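Nothing here was measured: the structure is a model prediction, and the numbers come from that model.
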Amino acid sequence: HHHLQTDNYQYNMMKPSINCACVITPPEDVCDCIVSLYSPKFGRWMPHINLMWPFVGQRDFKEAENQITKHPVWNHLPSFSIRLSSFASNPGSKYVFLQPEIIPSSLESEEKAKDKKKAKKKDISTPKHDYIEQIHQLLLSLFPACSAENNSQKQQYCPHLSIGQFDQSSIEQTKKELQADWAPIEFKMTHIHFITRDGPLDSWKIQHSIPLPSSSSSSSS
């Protein structure tokens, strides 16, 4: 049964672990701003936008990186920034989160050019820059065993950066107060990170970072 080995290899080796995740994390100065808003006991998680959890075990990180970095979807990702400007929560949930907005690096120059060309004509359709969803979908397709675990959460994937759990009865007020004190922050998306923890009560640590193709190649230009 040698021919089966290659098919099964990926599935068997890449077993999901609840102590591993793949995330986007903001730079340290942004993280400090966000941690200051955390609800009590939320500090075990660094500020992050979850891409996949559970994720492959730490011993498979190198192989996971190989799979990701040779994939065309990954290699066609443009450079972009993430803006955190508004707080939200889902009905019936205690979690409050910042909603990431994607700002393509090409957008500023495009908009300036557009203004000159057609100041009168309004552009109705804005393209959907869903690069975070694209990375999430790529991970789902590459790691089927993890994908099954992630899909069992049965919710549509929606990128978010949680700041903790708050009292349900006053959550609207909490969001208003947070919003009133918040100045939008923007940061350049440069890496995705594989993070691990020793167990469910331990803090997460970044173990491995993969630079976006656009951030590793653009340093020369």
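Residues that satisfy the ring-ring contact (aromatic ring centres under 6.0 Å, His included) test with Tyr95, not counting sequence neighbours, are absent from this structure. Looking at residues two or more places apart in sequence or on another chain, you find a side chain to side chain contact (heavy atoms under 4.5 Å, CB included) between Ile185 and Val30, Cys33, Trp182. Checked against side chain to side chain contact (heavy atoms under 4.5 Å, CB included), His208 has the following partners two or more places apart in sequence or in another chain: Phe61, Lys62, Glu65, Phe194, Ile210. Partners of Phe166 under the ring-ring contact (aromatic ring centres under 6.0 Å, His included) rule, at least two apart in sequence or in another chain, do not exist in this structure. Glu177 pairs by the side chain to side chain contact (heavy atoms under 4.5 Å, CB included) definition with Gln173, not counting sequence neighbours.
Side chain of Gln179 to backbone of Ser85: a donor-acceptor contact under 3.5 angstrom is found. Without hydrogens or angle criteria, Asn75 side chain to Pro213 main chain gives no donor-acceptor distance under 3.5 Å. Between the side chain of His136 and the backbone N or O of Gln134, no donor-acceptor pair lies under 3.5 Å. A donor-acceptor pair under 3.5 Å is formed between the side chain of Ser105 and the backbone N or O of Ser79. Asp60 places no side-chain N or O within donor-acceptor distance of the main-chain N or O of Val56, the cut-off being under 3.5 Å. A donor-acceptor pair is defined here as one N or O able to donate and one able to accept, closer than 3.5 Å; no such pair exists between the side chain of Trp53 and the backbone of Cys22. Between the side chain of Asn50 and the backbone N or O of His160 there is no donor-acceptor pair closer than 3.5 Å.
The shortest distance between side-chain heavy atoms of Phe187 and Ser81 does not fall below 4.5 Å. Looking at heavy atoms from C-beta onward, Leu161 lies in side-chain contact with Pro26 at the 4.5 angstrom threshold. With a 4.5 Å cut-off on side-chain heavy atoms, Ile163 and Phe97 do not count as touching. Side-chain contact between Ile103 and Ile82 is absent, with no heavy-atom pair separated by less than 4.5 Å. The closest side-chain heavy-atom distance from Asp167 to Thr174 is not below 4.5 Å. When side chains are defined from C-beta on, Phe87 counts as touching Leu37, because their heavy atoms get closer than 4.5 Å. Using a 4.5 Å heavy-atom threshold, the side chains of Pro100 and Arg83 count as separate. Side chains of Ile18 and Arg197 form a contact here, defined as non-hydrogen atoms less than 4.5 Å apart.
The CG atom of Leu212 sits 5.5 Å away from atom CD1 of Ile135, with the distance rounded to the nearest 0.5 Å. Between Ile206 atom CD1 and Ile192 atom CD1 the span is 11.5 Å, to the nearest 0.5 Å. Between the CD atom of Gln67 and the CG atom of Leu139 there is a distance of 11.0 Å, given to the nearest 0.5 Å. With rounding to the nearest 0.5 angstrom, the CD atom of Gln58 is 10.5 Å from the CG atom of Asn19. The CD1 atom of Ile34 lies 6.0 Å from the CG atom of Leu98; values are rounded to the nearest 0.5 Å. Atom OG of Ser17 sits about 10.0 Å away from atom CD of Glu149, to the nearest 0.5 Å.
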Derivation and outcome, side-chain contact (heavy atoms from CB on, under 4.5 Å), residues Tyr157 and Leu51: CA-CA 9 Å; Tyr157 177 71; Leu51 293 166; 3.8 Å; yes

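For the side chain to side chain donor-acceptor pair (under 3.5 Å) condition, the pairs that include at least one residue of residues 20-45, sequence neighbours left out, are Thr25-His193.
Nearest approach of Ser89 to Glu172, heavy atoms of both residues: OG-OE2, 4.4 Å.
Side-chain polar atoms of Lys205 and Thr196 form no donor-acceptor pair below 3.5 angstrom.
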